[in-house]
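In listed order, ligands and their atoms are each counted from 1. Everything numeric in this text was worked out from a predicted model, so none of it was measured. The analysis underlying the following values was restricted to heavy atoms, covering all of them including side chains, and did not include hydrogens, waters or symmetry mates.
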Amino acid sequence: MAFIADALSRVKPSATIAVSQKARELKASGRDVIGLGAGEPDFDTPDNVKQAAIDAINRGETKYTPISGIPQLREAIAKKFKRENNLDYTAAQTIVGTGGKQILFNAFMATLNPGDEVIIPAPYWVSYPEMVALCGGTPVIVTTTQENSFKLQPDQLEKAITDKTKWFLFNSPSNPSGAAYTHDELKALTDVLVKYPHVWVLTDDMYEHLTFGDFKFVTPVEVEPSLYNRTLTMNGVSKAYAMTGWRIGYAAGPLELIKAMDMIQGQQTSGASSIAQWAAVEALNGPQDFVAKNKAIFEGRRDLVVSMLNQAKGIVCPNPEGAFYVYPSCAGLIGKTAPSGKVIETDEDFVTELLETEGVAVVHGSAFGLGPNFRISYATSEDLLEEACRRIQRFCNACK
Ligand code: PLP
C-alpha cells in the first residue's frame, strides 16, 4: 500500500513470533502442542527483584526518569562491567533502554547512513538484519558452518570488511546456535579488527551468564582493550534474571555514541519504566545465586536435548557452550517423505511437518540465515523436553 513507508518493504516479520503464534492456534483448536520456539527463560523473576519493584511503587518512584536511566541503575551497570568483565566505564558512559532491542536499534539509528554496512555472522538473531535495514544500513551476512561450530573465522571477517563497514555485530553465546567464543577464538577476530580502525564493534552479550561447564565468557574489549574507543558493549537483565517482560537492556561505550543514543531515545520513548529500572538495580546489585542455579538447570536440559536429538535418524546436533538453544542440522531428512506424504524439501518443510504430525513447534534455520537446521529453545521443563525429543525421534524415524 502506497501509504506505508518504503522502509517497511525491506523488513520481514519475526519468524520466531510466527511459530509461537501457529503453535498457540493449534493449541487453541485442541491439539496437544509442545512449544519450543520461545526465547525466554521459563523461571519466574527472583523474589528480591520483584520486591524491589513493589518497594519502588510504594515509594512513589512512578514518574518519568532521566532518558538514559536513573543514576542508581547506571552506577549499578558501571559496577557490573567492572565486577564481571573488568571493564572501566563511568555511569555517564552507560545507557538504559526498553530492552536490549531498543539499545541495538538506537545504536544503529544513531550511526547508520545509507550504504553503511554492518557485518552479521549467520546464523543470527532474527532482528539484526531487519533493524539494520530499517535504519537505512546494509546487512552483510557472513555464513558460518556447522563444522566450525557456527563460529566466524578470522579470514571470513577480514574478507567481509570494506570501506563502507561501520559495525561488526558480535553475539556470544549466540541466539540461535548457542555457540560461544573462547578467549583465543575471540582474540583471532579482534586481531583482524585492530587492523581496521574504521570498524566499530557492537557486542550483544545478552546470554553472558548462560555458559556451561568450565567455559569462561569473554567480551571483545576485555580481550582487546584497544577496541575500547570503538565498541558498544550491550547486555540486559532479560535472560540472566528471567526478566523478559520488564524490558530493561543496557550498554556502555564511548560518550559521544551514548549521547547520540540518548538524543534518539529522548524523542522516542524517554526513560525506560521507572519501576522496572528499580527492579534492575536489585538484579544487578543483589544476590547472584539465582544466576548460578539456573545455569545448572539449563546445562542439564542441554545435555538431555543434545543426546536425544543425536539419536533421531537424520539429525546431527552440536553441543553448544551456552544460551538455551540448540541448532541441529536436519540435512539428513531433506528429500525424505514425511508421514503426511509430503516431500521435505527445506528446513521450513521439516518444521511444518513436525508441527502438524507430532505437535512440536521449533523454528526453521532459514529464518536465522543458515540451514537446513532448526532451533530448539530448551527453556522449558525436562519432562516436556523429553517428550518433545521422543516425538522428534518418532517423526524422523517415520520419514522415508
Ligand atoms: N539479543 C539477543 C541475541 C536476543 O536473543 C534477545 C532476545 O531474544 C535480545 C537481544 C533482546 O532482549 P531484550 O530486548 O529482552 O533485552
Sub-4.0 Å atoms of ligand 1 with respect to non-hydrogen atoms of Tyr128: 3 (C)
Mode of Asn171 contact toward ligand 1 - side chain, backbone, both, neither (heavy atoms, under 4.0 Å): side chain
For the student: nearest non-hydrogen atoms of Tyr327 and Asn373, plus distance: O-ND2, 3.0 Å
Cation-aromatic face contact Arg59/Trp278, 6.0 Å, 45 degrees: yes
Asp205 and Thr219: side chain donor to acceptor below 3.5 Å: yes
Option with minimal heavy-atom separation from atom 5 (O) of ligand 1, where the choices are Tyr250, Phe324, Tyr207, Phe105: Tyr207
Close aromatic pair by centroid cut-off 6.0 Å: Tyr325 and Tyr207: yes
Ligand 1 contact on Arg247 by region, counting heavy-atom pairs under 4.0 Å: side chain
From Ala38, Gly97, Gly100, Gly249 - option closest to atom 13 (P) of ligand 1 by heavy atom: Gly100
Distance-only polar pair, side chains of Gln268 and Gln102, donor-acceptor under 3.5 Å: yes
Phe350 and Phe374 aromatic centres sub-6.0 Å: yes
Structural part of Met206 in contact with ligand 1, heavy atom criterion under 4.0 angstrom: side chain
Minimum non-hydrogen distance to atom 4 (C) of ligand 1, winning option of Tyr124, Trp125, Tyr325: Trp125
Side-chain donor-acceptor pair present, Trp246, Thr45, cut-off under 3.5 Å: yes
Closest protein heavy atom (residue, atom, distance) for atom 1 (N) of ligand 1: Asp204 OD2, 2.5 Å
Part of Lys239 within contact of ligand 1 (heavy atoms, under 4.0 Å): side chain
